[in-house]
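First comes the structure, then the notes that go with it.
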Amino acid sequence: MSEVRHNWTKEEILEIYNRPMMELLYDAATIHRKQHDPNVVQVSTLLSIKTGGCSEDCGYCPQAARYHTGVEGNDLMTVNQVKAQALRAKEGGSSRVCMGAAWRNVKDGPEFDQVLEMVRGINKLDMEVCCTLGMVTENQAQRLAEAGLYAYNHNLDSSEEYYKEVISTRGYQDRLDTIDNVRKTNVTVCSGGIIGMGENVEDRAGMLVALSTLNPQPESTPINALVAVEGTPLEEEKPVSIWEMVRMVATTRIVLPETQVRLSAGRTQMSREGQAMCFFAGANSIFAGDKLLTTPNPDVNEDMKMFELLGMNPQKPFTKKVQPQSVEASDSKFESLGEKPKWTRPEHKIDRNEAAKAKGKLVK
Ligand code: SF4
């Protein structure tokens with residue numbers, strides 16, 4: 001029942017998503033218990049190492065420079081700042097630090113070298129290190145792997161069809177190619193998406209087809225509920241209901257049985273009971289820390305109280321895979337190639353993105 005399949009169809013996934021709730025919960029929880037300890041939750045801390053000023057037009061993102069969202073842009077953090085924050089996250093019960101930079105893609109040069117030092121520094125704290133830096137080439141992925149990266153995050157966001165309604169500056173195939181580049185290394189893949197962007201249930205199923213047919217499937221999959229930020233093209237979207245979230249989590253658990261399914265953005269809108277239902281449905285990871293890049297997130301102490309209440313424990317680092325070795329920059333086998341990859345820019349017109357951009361210009 002819980003073997004990993006790479007041939008899921010949209011129809012099969014829709015049938016699962018639409019099952020009566022109690023059956024869906026039972027099926028998902030049964031698979032969850034076969035593959036994972038149901039009382040263990042992996043805790044990640046998301047750290048924005050370079051905030052705002054992004055050139056892209058992702059309709060959900062307050063960090064896109066073209067929209068007026070009040071997010072202050074920051075330069076890349078220093079290695080010491082990042083190490084200090086990682087240590088704090090470790091003391092707060094996190095086993096993983098995910099460093100996010102508001103970049104379209106990684107560019108070879110001093111800033112990327114600085115990120116590689118951050119990866120080495122956090123790996124030496126015996127924490128899992130993840131990065132989300134935009135598109136990467138194979139060489140860049142190899143250099144991250146060599147520095148001791150544990151996971152690379154690159155979300156598919158939605159179905160290929162609906163992705164075009166949200167983003168015009170990047171193509172879906174570039175996402176898949178980046179995941180492919182990461183797969184050529186020993187770094188694990190983290191990839192998921194967002195619900196509540198105005199997509200329909202078919203799009204949610206379409207995203208799960210894209211994720212589940214990857215071979216191997218991603219080791220972790222964040223399921224985000226849109227946090228509609230004022231000034232972004234999606235500012236008017238209504239929050240998704242907890243029932244939709246539970247259905248999405250349960251369906252993800254069934255089609256990605258071995259994956260760690262992460263409750264990500266939107267947790268502040270969920271009650272403890274709602275989150276408990278998501279854990280029962282197969283979620284076994286959360287993002288901790290009072291901010292998720294730029295949007296609010298529950299306080300760490302609140303999460304620890306919730307775990308205590310539910311009898312759950314944070315997962316120890318390197319439970320699923322051994323700790324990578326960090327190779328020092330001076331011993332690196334992969335030199336910087338100074339590549340200028342041609343990632344696509346479809347630039348088709350998305351009316352609500354154009355409108356938000358025009359409004360942003362007026363406010364500025
Ligand atoms: S999601 Fe990432 S790439 Fe898109 S605008 Fe935000 S920071 Fe830039």
Side-chain angles (χ1 to χ4, degrees), residues 46-77 98-107 111-112 115 130-137 140 151-158 160 162-179 181-182 190-199 207 221-235 237 262 264-266 287 291-297 341 343-348 350 352-357 359-361 364:
L46 186 54
L47 195 59
S48 183
I49 57 170
K50 195 268 161 202
T51 307
C54 183
S55 60
E56 304 301 282
D57 75 338
C58 308
Y60 50 80
C61 184
Q63 301 198 64
R66 63 187 70 203
Y67 310 133
H68 182 79
T69 59
V71 167
E72 300 275 332
N74 285 329
D75 290 340
L76 186 63
M77 284 168 74
C98 180
M99 297 188 279
W103 289 335
R104 169 176 167 78
N105 59 282
V106 168
K107 294 193 183 97
E111 289 204 319
F112 184 42
V115 173
C130 174
C131 279
T132 182
L133 312 169
M135 278 89 77
V136 286
T137 64
Q140 289 163 343
Y152 194 82
N153 166 269
H154 203 59
N155 288 335
L156 293 183
D157 292 341
S158 191
E160 183 164 11
Y162 199 71
Y163 188 86
K164 296 190 187 94
E165 305 288 323
V166 181
I167 300 158
S168 79
T169 55
R170 299 177 302 180
Y172 208 72
Q173 189 57 46
D174 289 340
R175 316 294 293 164
L176 296 170
D177 291 347
T178 289
I179 291 172
N181 287 335
V182 175
C190 171
S191 185
I194 309 172
I195 64 170
M197 299 193 292
E199 77 289 340
M207 179 181 88
T221 289
I223 300 293
N224 295 275
L226 177 75
V227 177
V229 176
E230 201 181 331
T232 61
L234 300 182
E235 64 180 1
E237 292 298 332
R262 182 168 307 120
S264 304
F287 270 129
K291 271 204 166 168
L292 282 191
L293 298 176
T294 60
T295 55
N297 197 49
W343 300 109
T344 59
R345 246 180 216 287
E347 303 280 17
H348 53 280
I350 305 175
R352 59 189 177 186
N353 288 16
E354 300 280 326
K357 185 177 168 188
K359 211 160 109 191
K361 271 193 192 146
K364 278 167 196 162

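Each residue takes its place number in the sequence, starting with 1. Each ligand, and each atom within it, is numbered from 1 in the order the structure gives. On a predicted model such as this, the values are computed, not experimentally measured, just so you know.
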**Q.** Polar side-chain atom of S168 near backbone of I350 as donor-acceptor pair, under 3.5 Å
**A.** no
**Q.** Minimum-distance pair of heavy atoms, taken over all atoms of T69 and E230
**A.** CG2-O, 3.5 Å
Q) Under the 4.0 Å line, does any protein heavy atom show up next to atom 3 (S) of ligand 1? A) yes
Q.
To the nearest 0.5 Å, what is the distance between OG1 on T232 and CD on Q63?
A. 12.0 Å
Q: Select one of side chain, backbone, both or neither to describe which atoms of R104 lie under 4.0 Å from any atom of ligand 1, heavy atoms only.
A: neither
(Q) Check for me: within less than 2.8 Å of atom 6 (Fe) of ligand 1, which protein N/O/S atoms show up? (A) C61 SG
Q. So, for L226 and Y60, which heavy atoms are closest and what is the spacing to 0.1 Å?
A. CD1-CB, 3.5 Å
**Q.** Which atom of Y67 lies closest to which atom of C58, heavy atoms considered
**A.** CE1-O, 3.6 Å
Q.
So that I can tick it off, tell me whether E56 and R345 are bridged by a salt bridge, with the cut-off set at under 4.0 angstrom between side-chain N and carboxylate O.
A. yes
Q: Count the heavy atoms belonging to other residues, nucleotides or ligands that lie under 6.0 Å from CD of E72, then report whether that count exceeds 12.
A: no
